[in-house]
Amino acid sequence: METDILQKNNLLAQRNRGWFEAKGILALNLVSSPGSGKTSLLERTIRELGGRLPVAVIEGDQQTMNDANRIQQAGAPVVQVNTGNGCHLDADMVHRAFRELNPAEDSVLMIENVGNLVCPSLFDLGEAKRVVIMSVTEGEDKPLKYPNMFRSADICVINKIDLLPYLDFDLPKAKEYALQVNHHLTFIDLSVKSGEGFENWINWLMEQAGK
Ligand code: MG
Ligand code: ZN
């Protein structure tokens, strides 16, 4: 049963990937625990990229339009997907949201997944890259507790580094744990709030978009 669902999802994800590539769209799947700062990261990204790179957003949450409203205020087109009891986005939801959003050619499509480190790791959405976000307010052993998510990610953004002086979070240890489950993982340390390290994220995005 579960295998059937995942196989069907994989086919739809491949179809999404084809559509994204045909339109020159860089699709990113942003995954994390609740409260790591995904929506804030997107707000600042939209503002900092300005006219350099158009950004469109699919917002996944179980309920509310709150995050979509924030993205709209930051100036990007957005479609909110409410999953109800579901705890992840799947490729079909993204397909329908993508058709409604109809992002510009050569833009970046940010897909903010439901805050959950478990089943979003199983569902390919057709993204080019999977971005896992963790914040220094979490335990540094998150990668060991949720290895599938860190194993399936391409890059790890470590947010809220402005808080490091006030916390016991061991940044090198967190990276060591993440590399234990995925030795290809690369890291960007930043603070959405203070802006420290944020240019590395912007540079990475520009590079991924071929700019
Ligand atoms: Mg959010
Ligand atoms: Zn789920």
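Ligands are counted one by one from 1 in listed order, and the atoms in each one are counted from 1 as well.
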**Asked** Any donor and acceptor pair, going by atom type alone, linking the side chain of Asn159 with main-chain N or O of Val192 inside 3.5 Å?
**Response** yes
**Item:** Arg96 with Asp92: basic N within carboxylate O range, under 4.0 Å
**Value:** yes
**Asked** Can a salt bridge be assigned to the pair Lys175 and Asp189 using a cut-off of 4.0 Å between side-chain N and carboxylate O?
**Response** yes
**Complete:** Protein N/O/S atoms closer than 2.8 Å to the Mg ion (ligand 1), ordered by chain and number, come to Thr39 OG1, Asp67 OD2, Glu112 OE2
**Message:** Please determine whether side chain to side chain contact (heavy atoms under 4.5 Å, CB included) holds for the pair Leu109 and Leu101, giving the CA-CA distance in whole Å, both sets of side-chain angles, and the decisive distance to 0.1 Å.
**Reply:** CA-CA 10 Å; Leu109 174 63; Leu101 190 58; 3.6 Å; yes
**Request:** Describe, in one word, how the ring planes of Phe20 and Phe98 are oriented to each other, choosing from parallel (under 30°), tilted (30 to 60°) and perpendicular (over 60°).
**Result:** perpendicular
**Prompt:** Between Asp90 and Phe123, is there a donor-acceptor pair closer than 3.5 Å when you use the side chain of the first and the backbone of the second?
**Reply:** no
**Asked** So what's near the Zn ion (ligand 2), protein N, O or S atoms under 2.8 Å?
**Response** Cys87 SG, His88 ND1, Cys119 SG
**Asked** Are Asp124 and Asn9 close enough that a side-chain donor and a side-chain acceptor fall under 3.5 Å?
**Response** no
**Message:** I need the single residue from Lys160, Lys193, Arg70 that forms a side chain to side chain donor-acceptor pair (under 3.5 Å) with Ser40. Which is it?
**Reply:** Arg70
**Message:** Between Asp67 and Lys38 (salt bridge meaning N to carboxylate O under 4.0 Å), is one present in this structure?
**Reply:** no
